There are 2 protein chains.
Amino acid sequence: MAADPLSLVFSALSDPIRRDIVARLAGADATVNELAEPYDVTVQAVSKHIKVLEDAGLVSRSKDAQRRPCHLEAEVFDLMTKWIERYRREAEERFRRLDALLEGMDEQSATDPPTKEATS
Amino acid sequence: MAADPLSLVFSALSDPIRRDIVARLAGADATVNELAEPYDVTVQAVSKHIKVLEDAGLVSRSKDAQRRPCHLEAEVFDLMTKWIERYRREAEERFRRLDALLEGMDEQSATDPPTKEATS
DNA sequence: ACAGTATTCAACCAAGCGGTTGAACACAGG
DNA sequence: CCTGTGTTCAACCGCTTGGTTGAATACTGT
């Protein structure tokens with residue numbers, strides 16, 4: 001239990017119903033019953049889905065009589081985008097260097113001999 | 001089977017080991033054995049992890065003798081970032097409008113009456 | 001041809017997940 | 001004080017998942 005936040009968020013968004021719920025909450029807050037209406041699963045199942053989103057920090061809930069309106073917490077998105085962008089950038093830079101290396105290869109082939117780790 | 005691409009990618013990245021593999025592949029291509037070395041699970045388990053990443057389109061593999069080097073395919077990241085950014089933006093715009101509404105409330109309160117669905 | 005190395009396949013297991021039904025809880029309003 | 005509404009809890013079910021072990025496959029180099 002108590003997996004790391006990143007795992008929780010990615011896992012929460014790996015389900016189509018949960019992604020759809022997030023999509024709809026981006027437009028407006030909604031109650032469990034409202035959220036459950038479009039899907040042909042029971043309201044209990046949707047309640048569980050919302051709990052998963054809540055545990056991941058993606059939604060928060062307030063109390064309004066017996067209703068428990070859901071509200072999207074978009075800040076957690078940053079967690080993901082930061083992770084993704086970090087490695088995307090890293091990979092892209094590696095491509096860039098690889099391209100540069102390949103480009104230099106037909107101009108000269110002995111000025112920079114392949115002695116790995118020359119400088120101690 | 002054959003879940004939608006977005007679910008596959010989010011699901012693939014919901015595991016810490018798989019995220020770590022992606023992180024390392026962002027720096028350099030690597031073989032299954034190299035990738036498996038740091039973790040205290042069997043190489044078969046890592047092989048399965050890589051298969052999940054492959055099915056999600058996150059890694060591709062080439063053949064080099066008996067080795068099957070893994071290469072990160074960073075383009076799929078775009079799928080996620082586009083999805084995330086769409087709803088993040090939507091949510092942020094909603095906040096913006098809400099703020100504007102709240103700000104306007106102490107200036108006037110009847111120029112735009114709340115008659116929902118007036119046009120039939 | 002053979003021995004070693006890299007990887008995957010197959011069968012299995014425990015735990016988790018998405019779903020169900022049925023009961024319980026919480027609150028509002030006549 | 002009930003009845004209805006909204007939501008959750010609890011137990012259960014079938015399937016998937018992450019892990020294991022053991023065997024099979026694929027290729028290399030001597």
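Chain A is the first sequence line, chain B the second, and so forth, proteins listed ahead of strands; every chain is numbered from 1. Owing to the predicted nature of the structure, the values given are computational and were not obtained by experimental measurement. FYI, side chains are in, hydrogens and waters are out, and symmetry mates aren't considered; it's all heavy atoms of this structure.
At the phosphate of dG19(D), neither OP1 nor OP2 sits under 4.0 Å from any side-chain N or O atom of T42(B). Residue T31(B) places none of its side-chain N or O atoms closer than 4.0 Å to OP1 or OP2 of dA6(C). Neither OP1 nor OP2 of dT5(D) sits under 4.0 Å from any side-chain N or O of N33(A). Contact annotation: R18(B) side-chain N/O to dG18(D) OP1/OP2 distance is under 4.0 Å. Residue K48(B) has no polar side-chain atom (N or O) positioned under 4.0 Å from OP1 or OP2 of dT20(D). For dG19(C), one of the phosphate oxygens OP1 or OP2 lies less than 4.0 angstrom from a side-chain nitrogen or oxygen of H49(A).
Nearest nucleotide to the R67(B) side chain, out of dT8(D), dA6(C), dG6(D): dA6(C). You'll find that the side chain of Q66(B) is closest to dA6(C), out of dT7(C), dA6(C), dT8(D).
Protein atom CD of E54(A) is 10 Å distant from nucleotide atom P of dC9(D), rounded to whole Å. Between the P atom of dT17(D) and the CZ atom of F10(B) lies a distance of 17 Å, rounded to the nearest Å. Summarising the geometry, the separation between CG on L13(A) and P on dC17(C) is reported as 15 Å, rounded to the nearest angstrom. Straight-line distance from the CG atom of L53(B) to the C1' atom of dT8(C): 16 Å, rounded to whole Å. Remark: P of dT7(D) and CZ of R61(A) are 8 Å apart, rounded to the nearest angstrom. Atom P of nucleotide dT7(D) and atom CG of D64(A) are separated by 9 Å, given to the nearest angstrom. Atom CG in D55(B) sits roughly 13 Å away from atom C1' in dT17(D) (whole-Å rounding). Whole-Å rounding puts the K51(A) NZ to dA10(D) P distance at 11 Å.
When all heavy atoms of V46(A) and V32(A) are compared, the pair lying nearest together is CG1-O, 4.3 Å.
Nearest-nucleotide positions on DNA chain C place A45(A) closer to the 5' end than the other of A45(A) and R68(A).
Applying the 3.5 Å distance criterion, the base of dG22(D) shares a donor-acceptor pair with the side chain of Q44(B).
Checked by atom type and distance alone, the side chain of T81(B) pairs as donor or acceptor with a backbone atom of F77(B) at under 3.5 Å.
Between D55(A) and K51(A), at least one side-chain nitrogen of the basic residue sits less than 4.0 Å from a carboxylate oxygen of the acidic one, meeting the salt-bridge criterion.
Looking only at side-chain heavy atoms (C-beta outward), T31(A) and R68(A) stay at 4.5 Å or farther from each other.
Once rounded to the nearest 0.5 Å, the distance linking CD of E90(B) with CZ of F95(B) reads 11.5 Å.
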